[in-house]
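Data first, discussion second: the structure below is written as structure tokens.
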Amino acid sequence: MDIDAWIWWLIGAVGLGIPLVLTAMPEFGMFAVGAVAGAITAALGFGIVAQVIVFVVVSVALIAVVRPIAARHRAGGPAHATGIDALKGRQARVLERVDAEGGRIKLAGEIWSARSLDATRVFEPGEEVDVVEIEGATAVVI
């Protein structure tokens, strides 16, 4: 029984797909796609040298292009802070005296309860303060 080369390439692609599923290593998937490209090359009647070259080129190209993109997505969090995280580090204007017990500030166009981080520090109306933390609905300022 003589099996065509393209079938061997497809068997190889399935064989590379199994470790992809078991180990979650995307490189195996890229090699599997390269093997499918080799199968297509074989089905079109090209020789073994062309098949291997297509397999290598497609596999290396996928690893060179897809792997860095996947690494960026895996490592990177949100590009911009959202919610209360976006308010940390912003400046606000004191509306009512702010001390360790409380007060009011205008932060990002809204009125917030605030308290001083340093218990000895007092901020008077009109002063600019920096938000260092948000605790519930209270901005902690310096």
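One is the number of the first residue; the rest follow in order along the sequence.
- Between the side chain of E110 and the backbone N or O of L107 there is no donor-acceptor pair closer than 3.5 Å.
- Note on L95: it does not cluster hydrophobically with V98, by side-chain heavy-atom contacts below 4.5 Å among ILVMFWY residues.
- Although no hydrogens or angles enter the test, the distance criterion places no donor-acceptor pair under 3.5 Å between the side chain of R97 and the main chain of E124.
- Side-chain contact between W6 and T41 is absent, with no heavy atoms from C-beta onward closer than 4.5 Å.
- Checking S116 against D118 by side-chain atom types alone, no donor-acceptor pair falls below 3.5 Å.
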Report, one line per pair, each donor and acceptor closer than 3.5 Å where one atom sits in a side chain of residues 45-59; sequence neighbours left out.
unit_1: Q51; atom_1: OE1; unit_2: W9; atom_2: NE1; d: 2.7
unit_1: Q51; atom_1: NE2; unit_2: F46; atom_2: O; d: 2.8
unit_1: Q51; atom_1: NE2; unit_2: G47; atom_2: O; d: 3.4
unit_1: S59; atom_1: OG; unit_2: F55; atom_2: O; d: 2.8

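- Side-chain contact between V141 and D130: absent, with no pair of heavy atoms (C-beta onward) separated by less than 4.5 Å.
- D99 contributes a side-chain N or O that, together with a main-chain N or O of E101, makes up a donor-acceptor pair within less than 3.5 Å.
- A 6.0 Å sphere centred on NZ of K88 holds more than 12 heavy atoms belonging to other residues, nucleotides or ligands.
- No single ILVMFWY cluster, assembled from side-chain heavy atoms under 4.5 Å apart, contains both I18 and L16.
- Going from atom CZ of R90 over to atom CD1 of I134 covers 10.0 Å, rounded to the nearest 0.5 Å.
- For the residue pair G126 and R93, the shortest heavy atom distance occurs at O-NH1, 2.6 Å.
- Partners of E135 by side chain to side chain donor-acceptor pair (under 3.5 Å), not counting sequence neighbours, listed by chain and number: R115.
- One distance of note links CD1 of I3 with CG of L10; it measures 11.5 Å at 0.5 Å rounding.
- The shortest heavy-atom contact between F123 and I142 is CZ-C, 3.3 Å.
- I111 contributes atom CD1, which lies 8.5 Å from atom CD of E96 (distance to the nearest 0.5 angstrom).
- Under the 4.5 Å side-chain heavy-atom criterion for grouping Ile, Leu, Val, Met, Phe, Trp and Tyr, V129 is not connected to L117 through any hydrophobic cluster.
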Can you list, pair by pair, the side-chain donor-acceptor contacts under 3.5 Å of residues 19-38, counting residues two or more places apart and other chains?
unit_1: T23; atom_1: OG1; unit_2: P19; atom_2: O; d: 2.5
unit_1: T23; atom_1: OG1; unit_2: M25; atom_2: N; d: 3.4
unit_1: E27; atom_1: OE2; unit_2: R67; atom_2: NE; d: 2.6

